[in-house]
Amino acid sequence: MSAVRDIAVFVGSLRKESINRKLALALAGLAPSSLKLTIVEIGQLPLYNQDLDQDPPQVYTDFRARVKAADAVLFVTPEYNRSVPAALKNALDVGSRPYGQSAWNGKPGAVISASPSPIGGFGANQHLRQSLVFLNVPAMQQPEAYIGGADKLFDASGKLINDGSRAFLQQFVEAFAKWIAVQNS
Ligand code: FNR
């Protein structure tokens, strides 16, 4: 299949100067021409409340439709207290309902975590993978991507300034393109 694949990218941090947002934008620039990466915002989603699904807010409906339309999903996240930031977990929960209509079901996925710490968000990355198993998002296994020292990777304008990291991210996103192709074959 030669069509360009629509990759919905979810950034686990809501702050403007987020390292993870910069990382997501860098990945979009490094992706092969077969993939189009677009950040899908999650900060506008009210905390998931099952009662709301009797008459879902438009932002829930729009978000679910956007996830359903994507060919694959990519999560770029910091670690909060050794786990996934609440905003990202909330987005997973919103997309997973109403029961039996999960927008995530069967979408090929990948996870990348970044932190100023050397551990590179390992805890968040693994906790997220646990949810993805349940949501039936087949997540790429290799290369694993725990980006440590991530506060040193970008200049003030958000440009990636580390050649080793650029090479690794390129490899990661190219492997993801192959993973998506295999999942769709
Ligand atoms: C953090 N941070 C953090 N870092 C880490 O490596 N492991 C952790 O468990 C935590 N916990 C944590 C909790 C909360 C509430 C905050 C606000 C921060 C630090 C975090 O990695 C750092 O702030 C990053 O810069 C956050 O990512 P963005 O916002 O730059 O993408």
Side-chain angles (χ1 to χ4, degrees), residues 6-31 35-49 59 63 66-67 70 72-96 104 107-135 137 139-176:
D6 169 28
I7 314 303
V9 182
F10 305 89
V11 177
S13 170
L14 303 183
R15 73 185 186 100
K16 276 200 226 74
E17 291 303 317
S18 162
I19 297 164
N20 284 275
R21 180 170 287 267
K22 289 173 189 165
L23 185 56
L25 293 171
L27 283 162
L30 292 168
L35 303 185
K36 181 173 190 304
L37 274 59
T38 309
I39 293 177
V40 175
E41 300 298 341
I42 60 173
Q44 78 286 10
L45 298 170
L47 277 182
Y48 183 69
N49 176 340
V59 284
F63 180 76
R66 179 65 188 90
V67 176
V73 291
L74 172 63
F75 299 91
V76 185
T77 189
E79 175 174 270
Y80 280 3
N81 301 308
R82 294 283 182 264
S83 188
V84 178
L88 183 54
K89 180 60 166 58
N90 185 53
L92 290 178
D93 295 342
V94 170
S96 73
W104 307 105
K107 305 276 176 200
V111 178
I112 183 163
S113 54
S115 168
S117 125
I119 301 172
F122 175 87
N125 192 309
Q126 294 297 317
H127 275 185
L128 178 53
R129 286 172 180 277
Q130 179 173 325
S131 293
L132 297 182
V133 170
F134 182 71
L135 293 170
V137 170
M140 182 173 73
Q141 304 295 295
Q142 295 290 340
E144 295 167 278
Y146 315 107
I147 311 298
D151 53 328
K152 309 282 189 303
L153 299 184
F154 300 94
D155 69 12
S157 72
K159 184 167 170 266
L160 186 60
I161 51 171
N162 182 297
D163 290 341
S165 297
R166 184 179 302 104
F168 173 73
L169 294 174
Q170 181 110 50
Q171 189 194 340
F172 177 88
V173 77
E174 284 171 2
F176 188 36

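If you read the sequence from its start, that first residue is 1, and numbering goes on from there. Counting starts at 1 for both ligands and their atoms, following the listed order. Only this structure's heavy atoms are used, side chains among them; waters, hydrogens and symmetry mates stay out.
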Audit row: N20, S18, side chain to side chain donor-acceptor pair (under 3.5 Å) steps and yes/no | CA-CA 5 Å; N20 284 275; S18 162; 4.6 Å; no
Between Q126 and R82, is a side-chain contact (heavy atoms from CB on, under 4.5 Å) present by the stated rule, with each step listed?
-> CA-CA 10 Å; Q126 294 297 317; R82 294 283 182 264; over 6 Å; no
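Using a cut-off of 4.0 Å between Lys/Arg side-chain N and Asp/Glu carboxylate O, D151 and K22 are scored as not salt-bridged.
Note: W104 and F63 have perpendicular aromatic rings, judged against thresholds of 30 and 60 degrees for the angle between ring planes.
Under 4.0 Å from any atom of ligand 1, one finds heavy atoms of residues S13, R15, S18, I19, N20, P78, E79, Y80, N81, R82, S115, P116, S117.
Looking at residues two or more places apart in sequence or on another chain, you find a side-chain contact (heavy atoms from CB on, under 4.5 Å) between A175 and M140, P143.
Under the 4.5 Å side-chain criterion, counting only non-hydrogen atoms from C-beta, H127 is not in contact with T77.
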